[in-house]
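Okay, so here's the structure we're looking at.
When a residue number appears, it is its place in the shown sequence, counting from 1. Heavy-atom basis, side chains included; hydrogens, waters and symmetry copies ignored. For clarity, every value in this text was computed on a predicted model and none was experimentally measured.
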Amino acid sequence: MRSQNTADAADDALPAPDGGRPTDIVLVGGGHAHVHVLKAFGDQPLAGSRVTLISRDLMTPYSGMMPGVVCGFYRYDEAHIDLAALATANGARLVHGDAVGLDREGKRVILASGLSVRYDVVSIDVGIGPDLGSIAGAAEHGIAVKPIASFLVKLERLRADARAGLVRHVVAVGGGAAGVELVLAVRTRLIADAVAERRDVRRFTFTLVTAEELLASHNARVRAAFRRILAARGVALHEGRPVAAITADHVRMGDGMLIPADATLVTTNAAAPAWFERTGLALDRGGFLAVGPTLQVISDADVFAAGDCAELIETPREKSGVFAVRAGPPLAGNLRRRARGQAPVPWWPQSRHLSLITTGERYVVASRGRFKAEGAWLWTAKDWLDRRWMRAYRVDASAL
C-alpha cells in the first residue's frame, strides 16, 4: 500500500485483481464505525473491489477512553488507533487529506488540496465540531471539547498555564455526560500536576453550569449520584442557569451573575461539518446527514454515513460513541452489499444503552433507563471492555 496524496489519475489507473476497473469503496473519516469497516474488509476481502480511507488525522481517538486520557490514567497511544497501520494491515489505501466536498455527479470526494478521489460507494464518518454560535464570546474564549484531537492539544496548553499560575478558575458549560466527565477529569489532572510539583491545590476552583437539569437524559438516581460526587470533589454546580457570555476572565450567566473563569470548557451543542451543505445531500434540521435504517443517506443510495455526523431519521439517537461503535458491523455489511449490487438491510439500534460515566477517579456510575449502579468495580469492567475494543483494531506498525 502507498500513502496517497497523489493525483487521481494514478488512482484510476490501479487495476482490480481480475484486471478490470475495481469497485471503489471510499471511507471518508477515521471514526469508530470506519475502523470496524477497515477490519471487516481486511478479514474478508471483497473480490473486484478496493477500499480507500481518506482521513485528515492519522491517529484516531477512542472516545470511551478520553476521560481517562485527560485524567492521566491512559497514555496517548493506549487510547488512539494508528489508521495508517490499520489500513496497511487490512489491504486498504490511505489518502492523508481533508475532505471538503462531494462531486456526486462525477462520483468524487473533493479534498482541501484540490485533488479528488473517485468512488462507486462512499461512506462518511467524520465526527462533529462545536457549535459555539449560541453563546457570545464562546468562539473567542471557550475551549471546545470537539474535535477530541484538538482538545487534547488545548489540554496541554491548559496544564502549562496552570503551572504558570495563569489558570485558577475552571468552568465547564454543559450538564450532559460529556460536561460532567470533562470537568471532573480536568480537575483530577490539574490537581495531580499541582501535587506532583508541590503547588497549592487550594487556589483552584471548578464550576459546572448547565441551562437544563444535570444529566437530564438520565434517571433521578444517577443525577443524585453526580450531585453528590460533584459536591464531594468541590465542584460548584449551577443547574437551570443558561450562560449569556464567555469572556477571557469570567462567565456571565443569563441572570447577570458573574463566575470567575480563566478557562471555560464548552461541551454543549455540536455542529456538522459546513461542507455537508454544499453536497446537496439530505440533511436534518441540525445540518447532519439524514440517513435511513440501511445507513444510506436518504437522497443518494451510494452515500452512506455513520457516527456523530449522521442522524438516523426513523430511529433518532443521542450522539454517543456507543452508537458509532455499534454502527460498524451493519455499515460494513451494507457497503459490501451495495458494492455487489445487492439490497442493503436495515439496522435498528436499541432504544436504550448502558452508559458508563466516569467521575475523574477510577470509579464509574452506570446508567440505563431506570437502572443505576456505581463503584470502582465498574471502572475495572469499563477498563477491560475499552482495552478489549482497542486490541481488536490496534496494529503494531513496526511489524508491517
Side-chain angles (χ1 to χ4, degrees), residues 63-68 70-71 131 134-135 145-146 170-188 205-244 251 253-255 257 259 264-270 286 308 311-312 315-326 348-386:
S63 61
M65 298 176 81
M66 284 306 102
V70 175
C71 287
D131 179 8
S134 60
I135 302 175
V145 68
K146 296 284 187 172
V170 178
V171 177
V173 180
V180 169
E181 289 189 311
L182 184 62
V183 71
L184 289 168
V186 168
R187 174 193 174 276
T188 292
T205 68
F206 298 90
T207 305
L208 177 64
V209 298
T210 173
E212 301 178 342
E213 188 176 23
L214 182 71
L215 294 167
S217 64
H218 296 267
N219 67 63
R221 291 195 299 148
V222 170
R223 292 195 293 272
F226 271 100
R227 290 187 185 109
R228 184 194 78 238
I229 290 166
L230 289 167
R233 306 287 193 275
V235 179
L237 174 63
H238 299 277
E239 298 183 70
R241 305 280 297 278
V243 171
V251 170
M253 310 302 288
D255 58 8
M257 176 184 177
I259 299 175
T264 303
L265 313 170
V266 182
T267 67
T268 50
N269 298 335
D308 288 349
E311 179 69 18
L312 290 161
T315 54
R317 298 289 185 267
E318 65 181 294
K319 297 196 179 300
S320 165
V322 170
F323 293 115
V325 166
R326 291 179 181 172
W348 306 104
Q350 64 194 82
S351 59
R352 293 177 177 175
H353 69 281
L354 180 66
S355 295
L356 298 174
I357 309 172
T358 59
T359 65
E361 308 290 343
R362 290 181 171 85
Y363 192 95
V364 164
V365 177
S367 172
R368 186 178 190 274
R370 297 181 179 179
F371 170 79
K372 174 261 178 188
E374 62 180 278
W377 66 274
L378 280 166
W379 167 269
T380 302
K382 182 181 186 304
D383 175 67
W384 182 83
L385 290 169
D386 289 341

For Arg228, is there an ion pair with Glu374 - N to carboxylate O distance below 4.0 angstrom?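 Yes.
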Passes side-chain contact (heavy atoms from CB on, under 4.5 Å), Arg241 versus Thr210? Steps please. CA-CA 6 Å; Arg241 305 280 297 278; Thr210 173; over 6 Å; no
If you compare all heavy atoms of [X] against all heavy atoms of [Y], which two are closest, and at what distance to 0.1 Å?
X      : Y      : value
Leu312 : Pro349 : CD1-CG, 3.7 Å
Trp379 : Tyr363 : CB-N, 3.7 Å
Leu354 : Ala366 : CD1-CB, 4.1 Å
Pro67  : Ala185 : O-CB, 3.8 Å

Nearest 0.5 Å, please: how far is [atom2] in [Y] from [atom1] in [X]?
X      : Y      : atom1 : atom2 : value
Glu239 : Leu215 : CD    : CG    : 8.5 Å
Leu378 : Leu385 : CG    : CG    : 10.0 Å
Arg326 : His353 : CZ    : NE2   : 7.5 Å
Leu214 : Leu237 : CG    : CG    : 5.5 Å
Ser63  : Lys146 : OG    : NZ    : 6.0 Å
Asp255 : His238 : CG    : NE2   : 9.5 Å

Would you call [X] and [Y] a side-chain contact if the rule is heavy atoms closer than 4.5 Å?
X      : Y      : value
Phe226 : Thr359 : yes
Met65  : Asp386 : yes
Met66  : Val145 : no
Thr268 : Asp131 : no
His218 : Val365 : no

Under the 3.5 angstrom rule, does the side chain of [X] hit a backbone N or O of [Y] as a donor-acceptor pair?
X      : Y      : result
Lys382 : Gly64  : yes
Thr267 : Val173 : yes
Thr188 : Gly360 : yes
Arg370 : Asn219 : no

### Query
Would the number of heavy atoms belonging to other residues, nucleotides or ligands and lying under 6.0 Å from CD of Glu212 be above 12?
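Counting neighbours around CD of Glu212, 12 or fewer heavy atoms of other residues, nucleotides or ligands fall under 6.0 Å, so no.
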Holding to side chain to side chain contact (heavy atoms under 4.5 Å, CB included), I want the full list of residues that pass it with Val235, two or more places apart in sequence or in another chain.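 Once residues adjacent in sequence are excluded, the partners of Val235 under the side chain to side chain contact (heavy atoms under 4.5 Å, CB included) criterion are Val183, Leu184, Arg187, Phe206, Leu208, Leu230, Arg233.
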